[in-house]
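Written below as structure tokens is the structure these notes are about.
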Amino acid sequence: MSDGSALVRVLSYNIRSMRDDTGALARVIRACNPDLVLIQEAPRFFRWRKKLARLARASDLVILTGGATAAGPAILCDLRTKVERTEDVLLPLTPGLHRRGFATAVVRLGGARLGVLSCHLSLHKEERYEQAGMLLDRLAGMGVDHAVAGGDLNEGPGGRTFTRLSDTLQDCWATAPEGGEHTWTRSEPHGRIDAIFATKGVEVLSCGVPLGHPGVAEADLMRATDHLPVLAALRVPAA
């Protein structure tokens with residue numbers, strides 16, 4: 001942009017460890033043409049790096065950070081994204097519950113500098129609420145003016161954890177809804193349990209499940225994984 005700001009397309013997607021139709025998954029990602037993909041449930045076990053690299057190649061992207069080293073969250077990016085730094089964060093382990101983590105990075109796109117975080121919060125409501133606080137602390141400590149966070153929250157709007165995040169950050173769907181709302185449709189009730197949030201200085205142009213998006217086939221959405229993705233278009237001011 002002439003003012004140094006950058007138009008950034010961010011996709012958040014729970015890929016269920018690539019246990020479904022990886023070809024359909026890659027087609028959905030490519031059609032959304034994202035700059036950044038916030039992955040949840042990336043492969044974490046045997047040859048996980050090779051599997052994630054295969055998805056990145058098929059999606060015309062590269063691995064930025066995350067995977068098993070973040071307990072599942074990962075970030076993919078396009079080649080115009082300049083990487084300043086990355087950090088994978090393991091969250092405190094509650095006995096009897098799954099290990100959780102954040103994949104984080106600071107990147108530059110055009111004249112903009114952006115903090116990025118991918119998360120998959122706990123199924124346990126008390127742990128999930130505490131993890132939301134850790135997410136906000138992590139964003140605040142990244143040393144950037146603008147940031148985006150997204151992932152599988154395991155909770156919809158109105159819940160304590162979702163509200164904790166949306167009280168501080170912009171809920172991108174609520175700010176500029178476009179496309180579908182519900183990201184979990186495999187059982188009743190359907191819900192918006194996956195979301196993208198942005199700090200206050202970021203302009204949210206659109207956000208939602210890319211239903212009807214050019215090149216995104218409904219059959220591919222159904223075959224790719226058990227969640228539907230969230231796609232946001234953001235205008236990030238110049239650094």
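Computed from a prediction, not measured in an experiment: that's the story for all the values here.
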Gln131 and Leu91: which non-hydrogen atoms are nearest, and at how many Å? CG-CD1, 3.7 Å

With sequence neighbours left out, write down each residue that passes ring-ring contact (aromatic ring centres under 6.0 Å, His included) with His146, or none if nothing qualifies. none

Is any side-chain heavy atom of Val148 closer than 4.5 Å to a side-chain heavy atom of Leu234? yes

Is there a path from Leu165 to Val204 through hydrophobic residues (I, L, V, M, F, W, Y) whose side chains come within less than 4.5 Å of each other? no

Give the C-alpha distance, both sets of side-chain angles, the deciding distance and a yes or no for side chain to side chain contact (heavy atoms under 4.5 Å, CB included) between Val202 and Arg235. CA-CA 6 Å; Val202 174; Arg235 190 184 306 279; over 6 Å; no

Just jot down the salt bridge (Lys or Arg N to Asp or Glu O under 4.0 Å) partners of Arg223, sequence neighbours excluded, or say none. none

Note, Leu25 side chain near Arg27 side chain (heavy atom, < 4.5 Å): no

Do Thr81 and Asp35 pass the side-chain hydrogen bond (donor to acceptor under 3.5 Å, both in side chains) test, and can you show the C-alpha distance, the side-chain angles, and the key distance before you say yes or no? CA-CA 7 Å; Thr81 302; Asp35 298 291; 5.2 Å; no

Flag yes if Leu52 and Val37 sit in one hydrophobic cluster, no otherwise; membership is Ile, Leu, Val, Met, Phe, Trp, Tyr, and two members link when side-chain heavy atoms are under 4.5 Å apart. yes

Please walk me through it: do Asp171 and Ser166 pass side-chain hydrogen bond (donor to acceptor under 3.5 Å, both in side chains)? CA-CA 6 Å; Asp171 172 5; Ser166 61; 5.7 Å; no

Joint cluster assignment, Val236 & Leu139, ILVMFWY side-chain distance < 4.5 Å: no

Ring center gap for Trp184 and His190 short of 6.0 angstrom: no

Any donor and acceptor pair, going by atom type alone, linking the side chain of Ser59 with main-chain N or O of Leu61 inside 3.5 Å? no

Contact check, side chains of Val62 and Cys77, non-hydrogen atoms, under 4.5 Å: yes

Heavy-atom donor-acceptor pair, Arg192 side chain to Thr183 backbone, under 3.5 Å: no

Any donor-acceptor pair under 3.5 Å linking the side chain of Arg16 with the backbone of Thr225? no

Side chain to side chain contact (heavy atoms under 4.5 Å, CB included) between His182 and Val209: does it pass, once the steps are laid out? CA-CA 7 Å; His182 294 149; Val209 176; over 6 Å; no

Answer yes or no: is there a donor N or O on one side and an acceptor on the other, between the side chain of Arg9 and the main chain of Cys32, under 3.5 Å? yes

Can you find a heavy atom in the side chain of Cys207 that is under 4.5 Å from one in the side chain of Val230? yes

With Phe162, which of Tyr129, Phe197, Trp173 fulfils ring-ring contact (aromatic ring centres under 6.0 Å, His included)? Phe197

Shared hydrophobic cluster for Leu36 and Leu11 (ILVMFWY, side-chain gaps under 4.5 Å): no

Do other residues, nucleotides or ligands put more than 12 heavy atoms under 6.0 Å from Arg186 CZ? yes

For the residue pair Ala132 and Arg164, what are the closest heavy atoms and their distance? CB-CD, 4.1 Å

Leu221 versus His213: any side-chain heavy-atom pair under 4.5 Å? no

State, yes or no, whether a side-chain contact exists between Asp88 and Phe102 at a heavy-atom distance under 4.5 Å. no

Just so I know, are the side chains of His124 and Glu130 near enough to count as touching, which here means a heavy-atom distance under 4.5 Å? no

Closer than 3.5 angstrom, by distance alone: can the side chain of Thr65 be matched with the main-chain N or O of Thr86 as a donor-acceptor pair? no

No-hydrogen, no-angle side-chain donor-acceptor test under 3.5 Å, Asp194 and Ser12: no

Would you check if Ser118 and Gln40 make a side-chain contact, meaning some heavy-atom pair closer than 4.5 Å? yes

Let me see the working for Leu55 and Met18 under side chain to side chain contact (heavy atoms under 4.5 Å, CB included), right down to the final yes or no. CA-CA 9 Å; Leu55 175 63; Met18 296 170 59; 3.9 Å; yes

Any carboxylate oxygen within less than 4.0 angstrom of a Lys/Arg side-chain nitrogen, looking at Glu126 and Arg160? yes

List in chain and number order the residues that pass side chain to side chain donor-acceptor pair (under 3.5 Å) with Thr94, two or more places apart in sequence or in another chain; answer none if no residue qualifies. Glu127

As a test of understanding, state which of Val106, Val116, Leu64 forms a side-chain contact (heavy atoms from CB on, under 4.5 Å) with Val83. Leu64

Apply side chain to side chain contact (heavy atoms under 4.5 Å, CB included) to the pair Asp78 and Asp60, showing each step before the final yes or no. CA-CA 7 Å; Asp78 62 8; Asp60 297 329; over 6 Å; no

Residues Glu41 and Asn14: side-chain donor-acceptor under 3.5 angstrom: yes

Honestly curious: do Ile29 and Leu38 fall in one hydrophobic cluster under the side-chain, below-4.5 Å linking rule? no

Verify the neighbour count for atom CD of Glu188: are there more than 12 heavy atoms of other residues, nucleotides or ligands below 6.0 Å? yes

Value for CG (Asp220) from CZ (Arg30), rounded to nearest 0.5 Å, stands at 9.5 Å

